[in-house]
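Everything on this sheet refers to the single structure shown next.
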Amino acid sequence: MDMQALLQQAQQMQQQLMAAQQELEESKVEGTSGGGLVTVTVSGRGQVEDIRIDPKAIDADDPAETAQTVADLVLAAIRDAERAVDELQQQKMGPLAQGLGGGGMPGLPGF
């Protein structure tokens, strides 16, 4: 086994990992619910960055019901965005894990 080649390969994988993490950090995904009444924007790392609620979601005649409905819609939109983040992370990081033999690197969490 050529130690120099192994170290070079590890360095390449580290660079690819850092590039993939940077892409995730810069990526944005959206989750929606209620036919677009609520839209949540989440970073590729899973952090909620914006929530937009269409005024049509508000019923001034029934504030209590509206509050619960909006809360449910926000929760559903966040879950939709989380699903999209999971897919994006798998798309960006999955090939790197496969490059490690599919099992990751023993002793390194998340690899």
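This is a predicted model, so every value here is computed, not measured.
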Problem set entry | Pair listing, salt bridge (Lys or Arg N to Asp or Glu O under 4.0 Å) test, anchored in residues 68-82, at least two apart | Asp80-Arg83

For this session: Determine yes or no for a side-chain-to-main-chain donor-acceptor pair under 3.5 angstrom, with Ser27 supplying the side chain and Gly44 the backbone.
Result: no

Seminar exercise, completed: When Gln14, Gln21, Gln15 are each screened for side-chain contact (heavy atoms from CB on, under 4.5 Å) with Leu17, the one that passes is Gln21

Exercise. Are side-chain N/O atoms of Glu26 and Gln22 paired as donor and acceptor at under 3.5 Å?
Worked result: yes

Exercise. Taking atom CG of Leu7 and atom CD of Gln12, what is their separation to the nearest 0.5 Å?
Worked result: 12.0 Å

For this session: Step by step, work out the side-chain contact (heavy atoms from CB on, under 4.5 Å) result for Leu88 and Leu24.
Result: CA-CA 8 Å; Leu88 179 64; Leu24 284 174; 3.8 Å; yes

For this session: Drop me the distance from Leu73's CG to Ile51's CD1, to the nearest 0.5 angstrom.
Result: 11.5 Å

Exercise. So, for Asp61 and Pro63, which heavy atoms are closest and what is the spacing to 0.1 Å?
Worked result: C-CD, 3.7 Å

Exercise. Ser43 side chain to Gln47 main-chain N or O, any donor-acceptor pair under 3.5 Å?
Worked result: yes

Exercise. For the atom pair CD (Gln89) and CD (Gln91), what is the distance rounded to the nearest 0.5 Å?
Worked result: 11.0 Å

Exercise. Considering all heavy atoms of both residues, which atom of Thr66 and which atom of Ala57 are nearest to each other, and what is their separation?
Worked result: CG2-O, 3.6 Å

Seminar exercise, completed: Nearest heavy-atom contact between Val38 and Ala77 is CG1-CB, 3.8 Å

Exercise. Tell me, which pairs form a salt bridge (Lys or Arg N to Asp or Glu O under 4.0 Å) where one or both residues lie in residues 39-58, sequence neighbours left out?
Worked result: Glu25-Arg45, Lys28-Glu49, Glu30-Arg52, Asp50-Arg52

For this session: Take Leu37 and Ile53 through the side-chain contact (heavy atoms from CB on, under 4.5 Å) test and state the conclusion after the steps.
Result: CA-CA 6 Å; Leu37 289 176; Ile53 300 171; over 6 Å; no

